Amino acid sequence: MASGVGVNSECLDAFQELKLGKKSKYIVFTLSQSNTEIVVEKKGATTATYDDFIADLPEEDCRWAVYDFDYQTKDGGQRNKITFYSWSPDDAKVKRKMLFASSKDALRRSLVGIASEIQGTEFSEIAYDSVLDKVSRGGN
């Protein structure tokens, strides 16, 4: 079910900067105040940590995010995967959760080059080790 929400062109520009230019570590997306389009809420500096990223996700509201996830393989190789997050905490209002769920595909389809997808309803599901496990297996 699509919500009819559009994706602001700034979202695509920010994603290209992260993916190709490595000008940010992560992007947090939200709905505009009118709930008519998806907009960039915040871009994390290239020096930002995973903890900085998690701190930018609200405890009681939904967000989408993209994070350039760096990790080391078992044989010591350095890898990175651009990971898409759907953040819908248990404490968010039901109407908000429904709107974010129905709008996700518009954003997700417009971001070409996502390697992994994470869905989180509580912080333990998006903890670094939990995401590392999913990303390093190559699964979604």
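Each residue takes its place number in the sequence, starting with 1. Quick caveat, the model's predicted, so the values are computed rather than measured.
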Could you grab the distance from atom [atom1] of [X] to atom [atom2] of [Y], nearest 0.5 Å is fine?
{"X": "Lys134", "Y": "Ser116", "atom1": "NZ", "atom2": "OG", "answer": "9.0 Å"}
{"X": "Asp105", "Y": "Ser110", "atom1": "CG", "atom2": "OG", "answer": "10.5 Å"}
{"X": "Ile27", "Y": "Leu18", "atom1": "CD1", "atom2": "CG", "answer": "4.5 Å"}
{"X": "Ser124", "Y": "Asp129", "atom1": "OG", "atom2": "CG", "answer": "12.0 Å"}
{"X": "Phe29", "Y": "Arg63", "atom1": "CZ", "atom2": "CZ", "answer": "12.5 Å"}
{"X": "Tyr26", "Y": "Thr49", "atom1": "OH", "atom2": "OG1", "answer": "7.5 Å"}

Nearest non-hydrogen partners of [X] and [Y], listed with the distance:
{"X": "Ala127", "Y": "Tyr50", "answer": "C-CE2, 4.0 Å"}
{"X": "Lys25", "Y": "Ala45", "answer": "CB-O, 3.2 Å"}
{"X": "Phe53", "Y": "Ala65", "answer": "CE1-CB, 3.5 Å"}
{"X": "Glu41", "Y": "Thr30", "answer": "CB-CG2, 3.9 Å"}
{"X": "Lys97", "Y": "Ser88", "answer": "CG-OG, 3.3 Å"}
{"X": "Arg96", "Y": "Leu31", "answer": "NH1-CD1, 4.1 Å"}

Is it the case that the side chains of Asp51 and Tyr128 hold a donor-acceptor pair, with the cut-off being a distance below 3.5 Å and no angle test? no
Evaluate the side-chain proximity of [Y] to [X]: yes if any heavy-atom separation is below 4.5 Å, no if none is.
{"X": "Val66", "Y": "Phe15", "result": "yes"}
{"X": "Arg108", "Y": "Glu117", "result": "yes"}
{"X": "Lys95", "Y": "Leu99", "result": "no"}
{"X": "Leu12", "Y": "Glu10", "result": "no"}
{"X": "Arg109", "Y": "Val7", "result": "no"}

Run the ring-centre check on [X] versus [Y] and record whether the distance is less than 6.0 Å.
{"X": "Trp87", "Y": "Phe123", "value": "yes"}
{"X": "Tyr67", "Y": "Phe84", "value": "no"}
{"X": "Trp64", "Y": "Tyr85", "value": "no"}

Using a cut-off of 6.0 Å, state whether more than 12 heavy atoms not belonging to Glu59 lie near its atom CD.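 No.
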Does Lys42 have more than 12 heavy atoms from other residues, nucleotides or ligands lying within 6.0 Å of its NZ? no
Which of these passes salt bridge (Lys or Arg N to Asp or Glu O under 4.0 Å) with Asp68: Lys81, Lys19, Lys22? Lys22
Tell me whether Val39 shares a hydrophobic cluster with Leu111, the cluster being built from Ile, Leu, Val, Met, Phe, Trp, Tyr side chains joined at under 4.5 Å. no
Kindly work out whether a path of hydrophobic side-chain contacts (I/L/V/M/F/W/Y, heavy atoms less than 4.5 Å apart) joins Ile82 to Leu107.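 Yes; Leu107 is reachable from Ile82 via cluster members.
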Check the pair Val40 / Asn8 against side-chain contact (heavy atoms from CB on, under 4.5 Å), numbers first and verdict last. CA-CA 8 Å; Val40 172; Asn8 184 297; over 6 Å; no
Are the side chain of Ser102 and the backbone of Met98 linked by a donor-acceptor contact shorter than 3.5 Å? yes
So, does Gln72 use its side chain to make a donor-acceptor pair with the main chain of Gly76 at under 3.5 Å?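 Indeed, once roles are kept as given, a pair shorter than 3.5 Å links the two residues.
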Salt-bridge present (Glu60, Lys93; N to O < 4.0 Å):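 Salt bridge between Glu60 and Lys93, a charged N being under 4.0 Å from a carboxylate O: no.
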Begin from the C-alpha positions of Val5 and Asn35 and carry the test side-chain contact (heavy atoms from CB on, under 4.5 Å) through to its verdict. CA-CA 7 Å; Val5 169; Asn35 290 334; 5.7 Å; no
